Number of protein chains: 2
Amino acid sequence: MDVRTLCLGALYLGEASGYEIKKAFEEGPFSHFQDASFGSIYPALGRLSNEGLVDCTQMAQEKRPDKKVYRLTEKGSLVLIESLMTPPAPDKVTSDFFFLLYFSDLLPPRQTRQLIDKRIAFYQDTIKRMSDCDPSTFPLGQQLCHGLGMTIYKSSLDYLEQHKHAFPGEASSLPPLSNSKTSGRLVS
Amino acid sequence: MDVRTLCLGALYLGEASGYEIKKAFEEGPFSHFQDASFGSIYPALGRLSNEGLVDCTQMAQEKRPDKKVYRLTEKGSLVLIESLMTPPAPDKVTSDFFFLLYFSDLLPPRQTRQLIDKRIAFYQDTIKRMSDCDPSTFPLGQQLCHGLGMTIYKSSLDYLEQHKHAFPGEASSLPPLSNSKTSGRLVS
DNA sequence: CCGTCATATATCGGCTTGATATATGACGGA
DNA sequence: TCCGTCATATATCAAGCCGATATATGACGG
């Protein structure tokens with residue numbers, strides 16, 4: 001999905017400012033499967049406004065800078081639905097964690113263990129934050145997103161907790177793993 | 001990780017051409033957690049070659065166009081390890097599937113069911129392809145990547161198979177779900 | 001008083017992507 | 001036999017995106 005559609009989707013949930021839309025991608029329900037930067041959100045909102053897909057209202061605030069509040073128009077709703085009807089692109093996952101784990105034979109074992117411990121903490125924190133949210137009043141699709149997300153995070157957490165001992169911890173006196181290079185080509 | 005590091009990592013596994021490196025990201029072990037396009041791979045290989053981090057050899061082929069084979073240099077190995085030592089960036093996940101599922105109250109229920117069915121097929125196919133690979137001879141980190149990946153795909157598959165019935169299938173005579181709009185703002 | 005953080009909008013250089021271009025050869029259908 | 005499609009192979013570029021930067025108000029803690 002391009003940033004225009006992401007913004008339309010965010011505004012479908014309720015009127016919001018550019019800053020709030022960014023927060024929705026960083027901390028809100030979308031944070032697990034979409035992202036967008038200020039560098040693309042503000043220009044996209046400008047274009048959407050010019051095309052009549054969103055309305056923009058300037059709002060003064062106390063003790064805070066003024067803000068621009070965007071609201072989806074009827075035309076914008078139709079364009080959002082149209083975008084949802086297009087065939088989905090494949091997922092794109094970029095994970096430094098997996099990349100580092102994959103090449104961890106090049107790293108000191110304690111650094112790999114630290115990497116895994118931090119990942120475990122990340123899963124624990126994410127699961128807690130998602131558990132604090134009760135999705136039973138949400139639309140069905142959102143419930144499935146929540147449930148599938150929880151399943152992914154929980155099974156990942158369980159797996160890492162079961163397998164983290166393969167790498168030595170801080171207090172461990174295990175000898176470092178031997179660094180052996182992988183043989184063979186990339187693609188058979 | 002930037003594309004230079006991705007290429008160095010790919011070449012750490014063995015010499016390869018630009019085309020083969022792209023294949024490694026599309027179909028090889030990295031395909032689950034990294035990607036890069038020709039548009040960035042070829043320029044990156046050029047720069048790496050200029051900087052002496054990789055060597056390049058032109059190879060003629062029968063019944064196929066000539067190819068340039070790249071090989072990691074000692075200097076390149078050191079730069080790769082250096083990059084692996086830097087703190088990892090957070091994962092970035094972009095999923096049209098989750099986005100469409102989230103807004104599925106805007107879609108005809110059968111289209112959502114089709115989306116889920118296709119996702120199930122994707123998981124089944126991915127699990128099969130990963131099962132055909134025996135990771136027991138790999139470095140420990142690669143084994144954990146394989147195992148964690150399998151866990152994620154399997155638990156996702158199980159969850160969707162258990163919950164797909166919430167949406168009507170092709171043969172179902174269930175009435176369409178009511179389209180109710182979500183209330184409230186994005187971020188509490 | 002100053003540095004940091006949150007809130008708020010906005011821009012831009014650099015990087016990446018997806019499309020396009022060119023080329024060889026295999027393969028299947030008309 | 002010809003043509004379209006696919007795989008293999010290198011390469012480039014316009015468009016889009018990101019991360020950094022800029023500016024601003026106010027709270028808060030040292």
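Side chains are part of it too, since the values below use all heavy atoms of this structure and drop only hydrogens, waters and symmetry mates. Here is how names work: the chains are called A, B, and so on, in the same order as the sequence lines, proteins then strands, and each is numbered from 1. Because the structure is predicted, anything quoted here is derived from the model rather than measured.
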[X] [atom1] - [N] [atom2] separation (whole Å):
X: A:Lys22; N: C:dA10; atom1: NZ; atom2: P; value: 16 Å
X: A:Tyr70; N: C:dA8; atom1: OH; atom2: C1'; value: 11 Å
X: A:Asp66; N: C:dT9; atom1: CG; atom2: C1'; value: 11 Å
X: B:Lys67; N: D:dA11; atom1: NZ; atom2: P; value: 14 Å
X: B:Asp2; N: C:dG13; atom1: CG; atom2: P; value: 21 Å
X: B:Arg4; N: C:dG14; atom1: CZ; atom2: C1'; value: 14 Å
X: A:Arg47; N: C:dA10; atom1: CZ; atom2: C1'; value: 14 Å
X: B:Gln58; N: D:dT8; atom1: CD; atom2: P; value: 19 Å

Notebook entry, point to check: In residues 33-41 of chain B, which residues come under 4.0 Å of DNA chain C by heavy atom?
Noted result: B:Asp35, B:Ala36, B:Ser37, B:Gly39, B:Ser40

Next item on the list: Heavy atoms only: give me the nearest B:Leu80-B:Leu8 pair and the separation to one decimal.
Entry: CD2-O, 3.9 Å

Item checked: Heavy atoms of other groups near B:Lys164 NZ, more than 12 under 6.0 Å -> yes

Note to self: For A:Glu74, I'd like to know if atom CD has over 12 heavy atoms of other residues, nucleotides or ligands within 6.0 Å.
What the structure shows: no

Look only at the side chain of [X] and the backbone of [Y], and say whether a donor-acceptor pair between them is shorter than 3.5 Å.
X: B:Asp55; Y: B:Arg71; result: no
X: A:Thr73; Y: A:Gly52; result: yes
X: B:Lys22; Y: B:Ala36; result: yes
X: B:Thr151; Y: B:Gly147; result: yes

Next item on the list: Represent DNA chain D in dot-bracket notation, 5' to 3'. Only Watson-Crick or G-U wobble pairs with both distances under 3.5 Å count; pseudoknot-style crossings use [ ] and interstrand partners use |.
Entry: ||||||||||||||||||||||||||||||

Note to self: Using a 4.0 Å heavy-atom cut-off to protein, can you give one letter per nucleotide of nucleotides 21-28 of chain C, 5' to 3': B if the base is in contact, S if only the sugar-phosphate is, - if neither?
What the structure shows: --B-SS--

Drop me the distance from [X]'s [atom1] to [Y]'s [atom2], to the nearest 0.5 angstrom.
X: A:Leu148; Y: A:Tyr153; atom1: CG; atom2: OH; result: 10.0 Å
X: A:Lys67; Y: A:Tyr19; atom1: NZ; atom2: OH; result: 11.0 Å
X: B:Phe99; Y: A:Phe30; atom1: CZ; atom2: CZ; result: 5.5 Å

Next item on the list: Tell me which nucleotide among D:dA11, C:dA6, D:dT10 gets nearest to the side chain of B:Tyr19.
Entry: D:dT10

Give a yes/no on whether any side-chain N or O of [X] is located under 4.0 angstrom from OP1 or OP2 of [N].
X: B:Tyr42; N: D:dT10; result: yes
X: A:Lys23; N: C:dT7; result: yes
X: B:Lys92; N: D:dG19; result: yes
X: A:Gln61; N: C:dT7; result: no

Margin query: Looking only at side-chain N and O atoms, does A:Asp2 offer a donor or acceptor that is under 3.5 Å from a partner on A:Thr5?
Written below: yes

Check: Just wondering, do A:Arg47 and A:Leu53 contact through their side chains at under 4.5 Å, heavy atoms?
Finding: no

